[in-house]
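First the structure, then my questions, so here it is.
Here is how names work: the chains are called A, B, and so on, in the same order as the sequence lines, proteins then strands, and each is numbered from 1.
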Amino acid sequence: MEYKPRKIEKKWQRMWEKTGIFKARDSLFLPAKRKRGGLKFYILDMFPYPSAQGLHVGHPRGYITTDVFAHFMRRKGFNILHPMGWDAFGLPTENYAIKTGIHPEIITKRNIKRMKKQLKLIGLGYDWSREINTTDPEYYKWTQQIFLLLYKMGLAYEATLPINWCPSCKTGLANEEVIEGRCERCGTEVIKKDLRQWVLKITVFSDKLLKDLDLLDWPEKIKEMQRNWIGRSEGWEIKFKVATTDKRQETSIKVFTTRTDTLFGCTYLVLAPEHQIIQKLKDQILNFKSVERYIEKSKKKTERERISKVKEKAGIEIKGIKAVNPVNGRAIPIFVADYVLIHYGTGAIMAVPAHDQRDFDFAKKYNLPVIEVIKPYYVKEELPKETPLVISDGRFEKAYEGEGILINSGRFIGMKSKIARERIGEWLTKKNLAKKAIYFKLRDWIFSRQRYWGEPIPIVHCQKCGIVPLGKKDLPLKLPRVKKYQPTGTGESPLAAIKKWVNTKCPKCKGPAKRETNTMPQWAGSCWYFIAYLLDKNKEFAWNKRKINYWLPVDLYVGGAEHAVLHLLYARFWTKVLYDAGLIKFKEPFLKLRTLGLILAPDGQKMSKSRGNVILPDKIIEEYGADAFRLYEMFMGPFDEAINWNVQGIVGMRRFLEKVWKLFDGQKSIVPIKEDKELEKLVHKTIKKVTEDIENFRFNTAISALMILVNNFQGKNYGVWYLKTLLLLLAPFAPHIVEELWQKYFVEKPEFKINRSIHNQPWPKYDPKLVKEEMITLVIQVNGKVRDKIEVKADISEKKAKKLATSREKIKKRIKDKKIKKVFFVPGKLINIVV
RNA sequence: GCCGCCGUGGCGGAAUGGAUUACGCGUGCGACUCAAAAUCGCAUGAGGGAAACCUCAUGUGGGUUCAACUCCCACCGGCGGCACCA
């Protein structure tokens with residue numbers, strides 16, 4: 001019989017769905033049953049956005065990975081939860097709605113249908129009974145409920161802030177969504193805009209988000225990216241008194257620095273344009289007009305402009321006031337410059353041009369003194385007791401930012417910079433001029449978007465009561481129907497135009513009120529969706545608690561690395577909130593994370609519609625079958641590395657499956673003929689290899705081991721057990737063909753039952769004794785070069801090996817009259833004779 | 001600029017201190033066939049040699065070691081992330 005993949009694949013996909021073989025067993029969370037049922041394993045994919053283009057061959061790489069792993073763990077006796085859903089709010093759908101006038105809900109439904117069909121084609125064993133969709137009111141009522149929880153916990157607040165605004169998408173963006181000053185979605189230059197916003201206090205969790213990374217089995221790279229994003233830095237806050245013409249008005253400027261050791265080299269201060277002291281002291285500032293003009297100018301710059309002029313540091317001196325350097329009492333000038341950021345540290349810095357490149361560039365431009373206070377260690381010259389003051393006269397070309405020995409620093413001269421850092425800090429602390437401080441780069445999360453297709457924020461603004469949250473019974477607050485989805489561009493969402501919806505009653509005083517018209521960002525629904533798979537939609541959250549705490553946290557999470565600081569950080573944040581609220585028992589959502597490499601088009605570029613290089617899985621599967629497709633995606637290379645799709649590659653997989661098919665074909669039943677010791681050993685070794693490779697995500701080498709096994713079956717007498725084992729090992733990768741062969745040759749009755757499926761057979765075990773080789777090829781080296789090989793017993797002793805080696809003709813020739821200096825023997829591997 | 005990762009045949013890759021090139025693709029030759037496809041078998045890093053065999057090859061240069069794709073240093077090239085964060 002011919003191997004016709006599409007025929008058997010359709011058949012088994014239907015059968016598995018009918019019998020529900022891949023459904024997770026919730027009943028096991030009941031303690032009595034848990035004992036019998038084995039341990040749980042929650043394996044999760046980053047759920048896709050249902051786009052109109054559907055899936056290309058790159059998308060399923062992760063889904064196949066989790067599917068292989070889920071199969072493997074199920075066979076090892078774990079109770080598996082492997083669900084799938086749709087992260088469906090977002091701009092592409094909304095933009096399509098604007099173009100066509102079709103409601104986003106309809107577009108979403110259509111896209112989901114299409115993509116679900118594609119996923120099913122691949123034969124992925126999802127528990128579809130738990131499918132979720134973030135745009136379903138029954139789903140987002142929970143998202144809204146969690147928002148209300150955040151509000152009640154004081155973690156959501158309203159603020160009018162200069163935010164990142166994308167003029168093309170006509171919406172505000174989170175800090176994380178701005179890439180090199182451009183919008184993450186459309187690449188338009190982001191500008192600053194003052195807008196009333198909902199903001200989430202993610203910064204409250206800075207420390208926890210940083211520390212708990214240590215608990216996670218995540219790729220070091222992703223952890224490092226989050227660490228950098230959170231950006232903890234330890235230093236000191238130092239008070240600089242301000243000398244003004246008005247002696248009565250005493251004030252000071254606080255700066256944050258990690259380099260207290262360079263304080264003696266501080267020759268001026270720089271304030272961010274937004275620093276409030278400028279307004280406070282405006283009467284004292286002689287050139288306030290020009291200062292104000294500078295501030296206005298820098299406000300109008302786009303992020304992009306600020307970044308593109310990184311090297312050009314410009315500012316303006318504030319005349320009429322001076323700061324006092326606390327270590328030496330020297331009066332120093334104060335500047336305003338937009339290279340100092342208001343939202344980091346104190347919004348003011350002390351400038352040490354000799355030891356900070358940015359300060360150096362600035363000082364050079366404005367001809368400010370450069371005082372050297374750190375000498376690199378390698379300068380071994382004796383330091384005189386009183387170092388003369390060194391003021392730059394253009395001899396410096398670059399700031400020295402490294403560690404060293406202090407000079408020009410009063411009583412700290414000669415001290416190592418690392419130690420001086422602490423000593424100077426402590427000294428000023430005693431004088432009440434400094435204190436230890438920790439700052440984070442992480443900023444609060446701007447949570448509102450001025451668009452239609454997102455979760456409505458369940459808040460009303462009452463003239464009398466102010467901000468009033470909706471009650472649970474008012475949820476879900478559904479999106480109203482609108483005629484036009486166009487963003488207004490005025491900073492209000494299209495919802496603002498729906499008077500009927502906007503005008504409402506205050507839940508508190510029943511007086512007239514207006515609804516919040518901003519919606520939540522794309523990331524809201526995905527912040528908690530791993531919990532959503534466990535919710536019984538008609539029940540309270542608390543009712544689902546046991547289920548949640550049985551299954552969560554997620555044991556293995558697989559997806560793209562592009563979410564390193566967006567989704568993965570936000571989801572961790574919400575988890576910590578829910579934990580603090582006592583609703584869940586885990587502090588981290590994803591214990592183990594593995595990130596995928598992209599599958600690129602054959603031309604090495606990202607697949608995209610605009611490049612016209614998209615390859616669809618549908619066609620590939622139609623031609624070669626889902627099993628060959630799955631095998632190829634796993635075999636292409638290490639799963640975390642980017643790889644080009646190669647049309648030729650899949651041919652080999654199909655050939656391999658044909659070979660497997662032919663091992664069985666034409667036989668009425670599989671009859672053992674003769675046991676083959678060598679083959680039996682190889683089977684055991686293959687079990688070991690495939691098991692270990694799957695455990696370590698080395699799917700490509702697992703498949704190559706199976707190919708080697710099949711190649712060794714060719715033309716040999718094989719026993720029943722060998723063939724059974726082959727199918728059992730191949731099952732996670734090519735689930736359809738193995739089910740077909742299993743049912744046909746190893747199951748008596750034709751009627752299909754779950755427990756007869758190959759996917760419910762225990763994972764094979766190997767005999768450690770048979771994995772060991774009795775005979776090995778001993779490599780004989782002379783001076784580290786291979787000169788001969790001999791077949792010997794694996795446990796051969798050094799003495800014997802040496803005797804044997806030196807008796808070989810080839811070796812004799814090599815060592816002839818030379819003296820043997822030393823012999824290195826690696827048991828079971830090689831012997832190296834050094835002459 | 002800073003941080004991280006990666007450079008191995010014609011191609012995807014394997015081997016992370018012990019035989020470089022497993023497995024797959026491609027290519028060549030052979031078998032089967034009237035012929036072709038499919039399939040099966042053999043070969044396939046480069047150079048030299050009639051052959052046994054020899055020499056050289058894991059981005060480049062150096063080092064450690066009996067032994068380096070693997071560890072260390074410098075450089076070159078590519079990819080990803082961050083980017084005025086004091």
Q | Any A:T701 side-chain N or O less than 4.0 Å from OP1/OP2 of B:C23 | A |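 False: A:T701 side-chain N/O out of range (4.0 Å or more) of B:C23 OP1/OP2.
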Q. Just to confirm, is there a sub-4.0 Å distance from OP1 or OP2 of B:A22 to any side-chain nitrogen or oxygen of A:R698?
A.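 No.
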Q | Closest listed nucleotide, where the reference is the side chain of A:L830 and the choices are B:G18, B:A19, B:A86 | A |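 In terms of side-chain proximity for A:L830, the closest of B:G18, B:A19, B:A86 is B:G18.
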(Q) Are A:L706 and A:L726 packed together at the side-chain level, in the sense that at least one heavy-atom pair is separated by less than 4.5 angstrom? (A)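 Yes, close enough: below the 4.5 Å cut-off.
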Q) Below 4.0 angstrom from OP1 or OP2 of B:C23, is there any side-chain N or O of A:N711? A)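 Checking B:C23 against A:N711, no side-chain N or O comes under 4.0 Å of OP1 or OP2.
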Q.
Would you measure the distance from the P atom in B:A43 across to the matching atom in B:G49 and give it in whole Å?
A.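 The same atom, P, in both gives a distance of 23 Å.
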Q | Rounded distance (Å) that lies between atom C1' of B:G12 and atom CD1 of A:I650 | A |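 Roughly 14 Å, once rounded to whole Å.
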Q.
Expressed as a whole number of angstroms, how long is the span from A:E224:CD to B:G81:P?
A.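 Distance check: A:E224 CD to B:G81 P gives 16 Å.
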Q.
For A:R655, is there an ion pair with A:E658 - N to carboxylate O distance below 4.0 angstrom?
A.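 No.
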Q. So what does A:M350 touch, heavy atoms closer than 4.0 Å: a base, only the sugar-phosphate, or nothing?
A.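 If one applies the 4.0 Å heavy-atom cut-off, A:M350 turns out to touch nothing in the nucleic acid.
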Q: Could you tell me whether the phosphate oxygens of B:G26, OP1 or OP2, come under 4.0 Å of any side-chain nitrogen or oxygen in A:Q648?
A: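 Checking B:G26 against A:Q648, a side-chain N or O does come within under 4.0 Å of OP1 or OP2.
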Q) Take atom NZ in A:K802; do more than 12 heavy atoms of anything else shown fall under 6.0 Å from it? A)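 Check fails, neighbour count at 12 or below.
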Q: Please work out if A:T346 contacts a base, only the sugar-phosphate, or nothing of the nucleic acid, heavy-atom cut-off 4.0 Å.
A: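 No contact at all - A:T346 keeps every heavy atom at 4.0 Å or more from the nucleic acid.
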(Q) If I take atom NZ in residue A:K441 and atom P in nucleotide B:C84, what distance separates them, rounded to the nearest angstrom? (A)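 Rounded to the whole Å, the gap is 9 Å.
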Q: For A:I643, report the nucleic acid contact type (base, sugar-phosphate, nothing); a contact means any heavy atom under 4.0 Å.
A: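 Counting heavy atoms under 4.0 Å across all strands, the contact made by A:I643 is with sugar-phosphate only.
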Q. Distance check: side-chain N/O of A:K659 vs OP1/OP2 of B:C23, anything under 4.0 Å?
A.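 It does not, given that no N or O in the side chain of A:K659 lies less than 4.0 Å from OP1 or OP2 of B:C23.
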Q: Give the rounded distance in Å between these two atoms: CG of A:L341 and P of B:A83.
A: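 Answer to the nearest Å: 11 Å.
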Q: Check every strand shown and say whether A:R787 touches a base, only sugar-phosphate, or nothing at a heavy-atom separation below 4.0 Å.
A: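 The answer is sugar-phosphate, as A:R787 gets under 4.0 Å only of primed atoms, P, OP1 or OP2.
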Q: With the side chain of A:K785 defined as its heavy atoms from C-beta on, choose the nearest nucleotide among B:A19, B:G24, B:C56.
A: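 Looking only at side-chain atoms, A:K785 lies closest to B:C56.
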Q. In whole Å, what separates the P atom of B:C72 from that of B:G7?
A.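 Per the computed distance, 14 Å lies between those P atoms.
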Q.
Using whole Å, what does the distance between atom P of nucleotide B:A19 and atom CD1 of A:I790 come to?
A.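 So the two atoms are 16 Å apart, to the nearest Å.
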Q: Give the nucleotide from the list B:G18, B:A86, B:C23 with an atom nearest to the side chain of A:T257.
A: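 Comparing B:G18, B:A86, B:C23 against the side chain of A:T257, the answer is B:A86.
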Q. Ring stacking, A:F824 with base of B:C66, under 5.5 Å and under 30°?
A.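 Yes; by the centre-distance and plane-angle rule, A:F824 counts as stacking on B:C66.
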Q.
Does B:U39 have its OP1 or OP2 closer than 4.0 Å to a side-chain nitrogen or oxygen of A:R655?
A.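 The answer is yes; a side-chain N or O of A:R655 sits under 4.0 Å from OP1 or OP2.
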Q: Select base, sugar-phosphate, or nothing to describe what A:V826 touches, counting heavy atoms under 4.0 Å on all strands.
A: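 If one applies the 4.0 Å heavy-atom cut-off, A:V826 turns out to touch a base.
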Q: Assign A:K789 to base, sugar-phosphate, or nothing according to its heavy-atom contacts below 4.0 angstrom with the strands shown.
A: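 Result for A:K789 = base.
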Q. If you measure from the Lys or Arg side-chain nitrogens to the Asp or Glu carboxylate oxygens, is any gap between A:E403 and A:R421 under 4.0 Å?
A.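 Judged by the 4.0 Å cut-off on N to carboxylate O distance, A:E403 and A:R421 do form a salt bridge.
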Q. Atom CZ of A:F440 to atom C1' of B:A86: distance rounded to whole Å?
A.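 One finds 16 Å between C1' of B:A86 and CZ of A:F440, rounded.
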Q. A:K223 near the nucleic acid: base, sugar-phosphate alone, or nothing, with a heavy-atom cut-off under 4.0 Å?
A.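 Nothing: the residue A:K223, judged by heavy atoms under 4.0 Å, touches no strand.
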Q. Taking the C1' atom of each, how far is B:G13 from B:G24, in whole Å?
A.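 Straight-line distance between the two C1' atoms is 9 Å.
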Q.
Assess the residue pair A:R232 and A:D207 against the criterion (salt bridge (charged side-chain N to carboxylate O under 4.0 Å, His left out)); give the C-alpha distance rounded to whole Å, side-chain angles, the decisive distance to 0.1 Å, and a yes or no.
A. CA-CA 8 Å; A:R232 183 180 195 272; A:D207 231 358; 3.7 Å; yes
Q. Which of the following nucleotides, B:G80, B:G24, B:A86, is nearest to the side chain of A:M707?
A.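 Side chain of A:M707 sits closest to B:G24.
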Q: In whole angstrom, give the distance that lies between atom NZ of A:K365 and atom C1' of B:C84.
A: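 So the two atoms are 14 Å apart, to the nearest Å.
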Q | Whole-Å C1' distance, B:A67 and B:A19 | A |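 Taking atom C1' in both B:A67 and B:A19, they lie 12 Å apart.
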Q | Length of the line joining A:E177:CD and B:C82:C1', which is rounded to integer Å | A |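 The distance from CD of A:E177 to C1' of B:C82 comes to 17 Å, rounded to the nearest Å.
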Q: Scan A:E658 against the nucleic acid and name what it touches under 4.0 Å (heavy atoms): base, sugar-phosphate only, or nothing.
A: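 Touches nothing.
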Q: Report which part of the nucleic acid A:N700 touches: base, sugar-phosphate, or nothing (heavy-atom distance under 4.0 Å, all strands).
A: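 It contacts sugar-phosphate atoms only.
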Q) So, A:K659 versus A:N711: side-chain donor-acceptor pair below 3.5 Å or not? A)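 Their side chains do contain a donor-acceptor pair, which is all the 3.5 Å distance test asks for.
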Q: Report yes if some heavy atom in the side chain of A:E809 is under 4.5 Å from a heavy atom in the side chain of A:K812; otherwise report no.
A: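 Of all side-chain heavy-atom pairs linking A:K812 with A:E809, at least one is under 4.5 Å.
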Q: Would you please indicate if the ring centroids of A:Y268 and A:F362 are separated by under 6.0 Å?
A: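 Between A:F362 and A:Y268, which both carry aromatic rings, the centre distance is below 6.0 Å.
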Q) How is A:K829 classified with respect to the nucleic acid when contacts are heavy atoms under 4.0 Å: base, sugar-phosphate, or nothing? A)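 A:K829: backbone/sugar contact only, no base atoms under 4.0 Å.
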(Q) Of the options B:G24, B:A86, B:A19, whose atoms approach the side-chain atoms of A:M653 most closely? (A)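 The nucleotide sitting nearest to the side chain is B:G24.
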Q. Reckon A:N832 touches a base, only the sugar-phosphate, or nothing at all at heavy-atom distances under 4.0 Å?
A.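 Base, at least one base atom sits under 4.0 Å.
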Q) Nearest to the side chain of A:W229 - B:G26, B:C3, B:A83? A)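 For the A:W229 side chain, the nearest candidate turns out to be B:A83.
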Q) Can you tell me how far C1' in B:A15 sits from the matching atom in B:U21, rounded to whole Å? A)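 Per the computed distance, 9 Å lies between those C1' atoms.
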Q | Nucleotide nearest A:D338 when distance is taken to its side chain, options B:G12, B:C84, B:A22 | A |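 Per side-chain heavy atoms of A:D338, the pick is B:C84.
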